Amino acid sequence: MSSISIEDLGSLKGGESVVIYGWAQEIKILKNITFIVLRDYSGTCQVTIKGNPELIEKASKLSRESVLKISGTFKKDAISKSAPEVTCSDLTLLNASATPLPVGITDPVEVDFETRFNNRVLDLRKPKNNIIFASKSKILWGIRKLMEEEGFIEVQTPKIVSSATEGGAEVFRVKYHEKDAFLNQSPQLYKEMLISAGIPKVFEVGPAFRAEEHNTNRHLNEFTSIDIEMAFSDDDKAMQMLELSVYQGLTELMDTMGKELEQYGYRIVVPKRPFPRMTYQDGIRILEENGISFNFGDDFSSEQLKIIGSKMDGFYFITGWPEKVRPFYTMQKEDDPSLTKSFDLQYKELEVTSGAQRVHNPEALIKRLKEKGLNPENFEYYISAFRYGMPPHAGWGLGLERLTQIALGIHNIRDVTLFPRDRTRVSP
RNA sequence: GCCCCGAUAGUGUAGCGGCCUAUCAUACAGGCCUGUCGAGCCUGUGACACGGGUUCAAAUCCCGUUCGGGGCGCCA
């Protein structure tokens with residue numbers, strides 16, 4: 001007989017023989033009756049064992065979180081208050097769990113962050129935690145569907161590279177046979193090269209590595225970057241595409257999982273379009289109105305972004321960043337080269353996406369590299385892609401973990417990462 | 001890289017110089033209980049991160065080490 005998921009028990013009439021697989025979440029032993037709360041990915045049910053001393057004996061020896069196969073009969077008018085009920089006719093222990101559990105799945109005690117992540121698989125068995133990853137998957141699916149509709153090609157670019165991408169951020173060094181190499185901090189240079197390769201719309205979902213020794217609720221040393229690049233495009237078109245991506249991702253999540261998420265206490269944020277836009281100078285003005293003096297050309301500190309973000313409802317763009325704080329491949333404004341055709345997508349004080357129209361002229365690119373103190377020789381493989389007909393282009397990189405954090409209102413980015421890589425953690 | 005803070009049973013905590021043979025909850029082990037559902041009741045096992053110092057006396061105070069948390073910078 002084939003098995004049924006616990007969720008699907010609800011569609012039965014009652015009286016059917018069923019086989020269910022799952023984990024023994026709770027085992028309650030009374031004198032003449034034993035209850036097992038069985039959990040699978042879809043939910044929990046109560047397995048009732050009575051009038052069968054052999055089975056009761058067997059069940060009384062089980063440990064919590066052991067993996068079981070249960071054969072029994074589905075009871076429509078269950079006595080159980082909390083879950084669908086199955087009367088057990090046979091029970092097979094597929095794999096016993098050791099005791100005591102390092103992290104109880106249902107114990108009414110708090111667990112420290114470190115303990116949780118040292119025992120992450122058990123931590124992830126908690127529905128409230130594993131639903132985060134179903135959500136992340138849905139958001140990404142919504143964005144992928146949009147990309148498909150818009151004619152983007154999904155690509156995979158190298159993660160082991162010969163030069164640091166943008167000069168600024170720290171990179172991880174790796175041994176590459178007899179050479180030194182780095183883990184890519186962004187697919188930026190490669191996706192631009194693909195524009196020159198004649199692919200007009202590329203997107204990539206992949207890991208990005210940053211060796212910064214940061215210790216915050218919004219940084220990881222390895223995160224998932226959703227990157228796009230579009231030929232014959234500009235910053236404005238890139239922003240429109242970004243707005244649509246965020247909207248579609250969160251709408252997909254809301255439509256498919258909204259109710260379920262609510263049961264676990266997650267309040268989903270579906271943004272209103274269009275997202276408001278402000279310029280870098282607007283930001284400075286807000287700060288000055290709040291009595292903060294600010295030097296043109298500096299980046300906003302997180303404290304300053306909190307002030308700016310508090311004036312804005314939900315997602316908003318900050319456009320026209322100064323050349324000084326943007327990477328070399330960012331195009332300057334024709335009428336004011338101290339500013340760039342760039343943008344960030346913000347949610348309150350959190351930066352979700354960074355993007356821009358890019359430099360497409362090879363001489364201009366070399367000049368910008370030098371101005372940023374980088375050696376163009378190290379970027380020859382990249383610059384050569386610009387020499388033989390590089391279209392004007394624009395794009396962005398969006399942090400999937402940050403977007404998921406915002407969608408579900410989760411404070412710490414590590415909670416939306418299965419096995420986070422942070423300042424101190426490389427295992428599990 | 002800088003600045004704070006923390007480390008007590010499997011888990012989470014109380015204790016902050018002598019009343020500590022270390023509290024409580026939960027978990028775990030055993031027992032009682034004819035349907036539980038945060039079950040209940042009884043019994044039991046189980047811990048002061050490591051090294052040095054101060055003191056008649058250290059879980060408690062000081063220094064160092066290790067591990068971790070938060071914030072800043074940087075960014076997605």
Side-chain angles (χ1 to χ4, degrees), chain A residues 25-37 44-51 56 60-61 63-65 75 78-85 87 97-119 122-123 165-171 185-188 206-227 242 298-306 325-327 344-347 349-355 396-406 411-414 416-417 422-425:
Chain A
Q25 183 168 96
E26 306 284 353
I27 300 155
K28 293 173 202 162
I29 303 160
L30 285 78
K31 189 166 191 182
N32 294 318
I33 192 164
T34 292
F35 302 102
I36 299 170
V37 176
T44 56
C45 70
Q46 176 171 283
V47 176
T48 302
I49 306 168
K50 68 173 177 182
I56 288 180
S60 69
K61 287 184 181 141
S63 54
R64 295 197 304 168
E65 293 305 310
K75 277 177 81 172
I79 303 171
S80 167
K81 290 176 199 160
S82 54
E85 189 169 351
T87 307
S97 169
T99 60
L101 297 166
V103 171
I105 310 303
T106 55
D107 294 3
V109 289
E110 291 289 307
V111 186
D112 280 353
F113 185 88
E114 192 197 352
T115 311
R116 285 182 50 212
F117 281 83
N118 283 342
N119 299 281
L122 286 177
D123 183 56
T165 307
E166 299 169 20
E170 296 284 325
V171 289
Q185 58 150 266
S186 144
Q188 180 61 31
F209 304 92
R210 306 276 164 95
E212 301 287 343
E213 295 184 349
H214 33 50
N215 201 335
T216 77
N217 65 350
R218 60 193 182 280
H219 288 91
L220 293 166
N221 290 293
E222 178 179 353
F223 67 95
T224 309
S225 183
I226 302 176
D227 268 83
L242 174 56
D298 287 351
D299 207 344
F300 298 125
S301 71
S302 61
E303 193 191 351
Q304 290 163 345
L305 281 172
K306 270 179 192 156
V325 297
R326 299 305 268 205
D344 281 356
L345 181 66
Q346 299 278 145
Y347 182 83
E349 72 269 19
L350 188 64
E351 180 182 338
V352 188
T353 310
S354 190
W396 42 257
L398 187 165
L400 177 59
E401 283 80 13
R402 286 192 180 176
L403 183 60
T404 308
Q405 248 187 301
I406 290 162
H411 175 70
N412 194 324
I413 197 165
R414 285 167 268 222
V416 299
T417 310
D422 64 23
R423 174 71 187 80
T424 54
R425 187 169 290 280

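We name chains A, B, ... by the order of the sequence lines, and we start the count at 1 in each one. Quick caveat: nothing in here was measured; it's all calculated off a predicted structure.
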Can you check nucleotides 66-69 of chain B for protein contacts, nitrogen or oxygen pairs under 3.5 Å, and list what you find?
| residue | atom | partner | partner atom | Å |
| --- | --- | --- | --- | --- |
| B:G69 | OP2 | A:T424 | OG1 | 3.4 |

Provide the closest heavy-atom pair for [X] versus [Y] in the form atom of the first, atom of the second, distance.
X: A:N32; Y: A:I56; value: O-CD1, 3.5 Å
X: A:A83; Y: A:C45; value: CB-CA, 3.8 Å
X: A:L122; Y: A:V103; value: CD1-O, 4.0 Å
X: A:G397; Y: A:D227; value: CA-OD2, 3.6 Å
X: A:H214; Y: A:N221; value: CE1-OD1, 3.7 Å
X: A:Q25; Y: A:E65; value: CA-OE2, 3.8 Å

Go through the structure and list residues passing side chain to side chain donor-acceptor pair (under 3.5 Å) with [X], not counting sequence neighbours.
X: A:E401; answer: A:K136, A:T224
X: A:D107; answer: A:R64
X: A:T115; answer: none
X: A:E213; answer: none

Using whole Å, report how far [atom1] of [X] lies from [atom2] of [N].
X: A:I413; N: B:C74; atom1: CD1; atom2: P; value: 17 Å
X: A:K31; N: B:C33; atom1: NZ; atom2: C1'; value: 7 Å
X: A:E349; N: B:G73; atom1: CD; atom2: C1'; value: 16 Å
X: A:E212; N: B:G1; atom1: CD; atom2: P; value: 11 Å
X: A:F223; N: B:C74; atom1: CZ; atom2: C1'; value: 12 Å
X: A:E351; N: B:A76; atom1: CD; atom2: P; value: 5 Å

Which one, [options], comes nearest to the side chain of [X]?
X: A:T115; options: B:G73, B:G12, B:G71; value: B:G12
X: A:P102; options: B:C75, B:G10, B:C74; value: B:G10
X: A:H214; options: B:G35, B:G71, B:C74; value: B:C74

Using a heavy-atom cut-off of 4.0 Å across all strands, would you classify [X] as base, sugar-phosphate, or nothing?
X: A:V103; value: nothing
X: A:L400; value: nothing
X: A:E303; value: nothing
X: A:I29; value: base
X: A:S354; value: sugar-phosphate
X: A:T106; value: nothing
X: A:S302; value: sugar-phosphate

Looking at [Y], is its backbone amide N or carbonyl O close enough to the side chain of [X] to form a donor-acceptor pair, meaning the two atoms are under 3.5 Å apart?
X: A:R218; Y: A:R402; value: no
X: A:N412; Y: A:R414; value: yes
X: A:Q46; Y: A:S80; value: no
X: A:S63; Y: A:A98; value: no

What interatomic distance, in whole Å, is found between [atom1] of [M] and the corresponding atom of [N]?
N: B:G52; M: B:G69; atom1: P; answer: 28 Å
N: B:G15; M: B:A7; atom1: C1'; answer: 15 Å
N: B:C20; M: B:U60; atom1: C1'; answer: 11 Å
N: B:U54; M: B:G46; atom1: C1'; answer: 32 Å
N: B:U13; M: B:A49; atom1: P; answer: 14 Å
N: B:A29; M: B:C72; atom1: C1'; answer: 49 Å
N: B:G53; M: B:A59; atom1: P; answer: 15 Å
N: B:C16; M: B:U8; atom1: C1'; answer: 12 Å

Measure the spacing between [atom1] of [X] and [atom2] of [Y] and express it to the nearest 0.5 Å.
X: A:S225; Y: A:L400; atom1: OG; atom2: CG; answer: 9.0 Å
X: A:N118; Y: A:F113; atom1: CG; atom2: CZ; answer: 9.5 Å
X: A:H411; Y: A:Q405; atom1: NE2; atom2: CD; answer: 8.5 Å

Classify the side chain of [X] versus the base of [N] as yes if they form a donor-acceptor pair under 3.5 Å and no if they do not.
X: A:E85; N: B:G35; value: yes
X: A:K50; N: B:G35; value: yes
X: A:H219; N: B:C74; value: yes
X: A:E110; N: B:U13; value: no

Counterpart residues, ring pair (Phe, Tyr, Trp, His ring centres under 6.0 Å), relative to A:Y347 (two or more places apart):
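Result, ring pair (Phe, Tyr, Trp, His ring centres under 6.0 Å) vs A:Y347: A:F315.
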Not counting sequence neighbours, which residues clear ring pair (Phe, Tyr, Trp, His ring centres under 6.0 Å) with A:F35? List them please.
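A:F35 satisfies ring pair (Phe, Tyr, Trp, His ring centres under 6.0 Å) with no residue once adjacent residues are dropped.
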RNA chain B: A:R423 or A:R116, which has the more 5' nearest nucleotide?
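In this pair, the answer is A:R423.
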Taking for each residue the nucleotide of RNA chain B with the nearest heavy atom, is it A:L398 or A:A83 whose nucleotide lies nearer the 5' end?
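The residue closer to the strand's 5' end, by nearest nucleotide, is A:A83.
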Scan nucleotides 41-43 of chain B against the protein and return all N/O pairs shorter than 3.5 Å with their distances rounded to 0.1 Å.
none

In the 5'-to-3' direction, what one-character label does each nucleotide of nucleotides 24-30 of chain B receive under the scheme B = base within less than 4.0 Å of a protein heavy atom, S = sugar-phosphate only, - = no such atom?
--SSS--
RNA chain B: stems of at least 3 consecutive Watson-Crick or G-U pairs, cut-off 3.5 Å?
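When the pairs of RNA chain B are grouped into runs of at least three, the stems are B:1-7 with B:66-72, B:10-12 with B:24-26, B:28-32 with B:40-44, B:49-53 with B:61-65.
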Distances under 3.5 Å only, N/O to N/O: pair up the protein atoms with those of nucleotides 3-8 of chain B.
none

Within the pair A:K28 and B:C37, is there a side-chain N or O less than 4.0 Å away from OP1 or OP2?
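No, because none of the side-chain N or O atoms of A:K28 sits under 4.0 Å from OP1 or OP2 of B:C37.
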Does A:T353 have a side-chain nitrogen or oxygen under 4.0 Å from the phosphate oxygens OP1 or OP2 of B:A76?
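For B:A76, OP1/OP2 do not have a side-chain N/O of A:T353 under 4.0 Å.
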Suppose we screen for salt bridge (Lys or Arg N to Asp or Glu O under 4.0 Å). Which residues come up paired with A:D112, at least two apart in sequence or across chains?
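Salt bridge (Lys or Arg N to Asp or Glu O under 4.0 Å) list for A:D112, sorted by chain: empty.
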With the criterion set at under 5.5 Å between ring centres and under 30 degrees between planes, would B:G35 be stacked on A:F35?
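A:F35 vs B:G35: stacking no.
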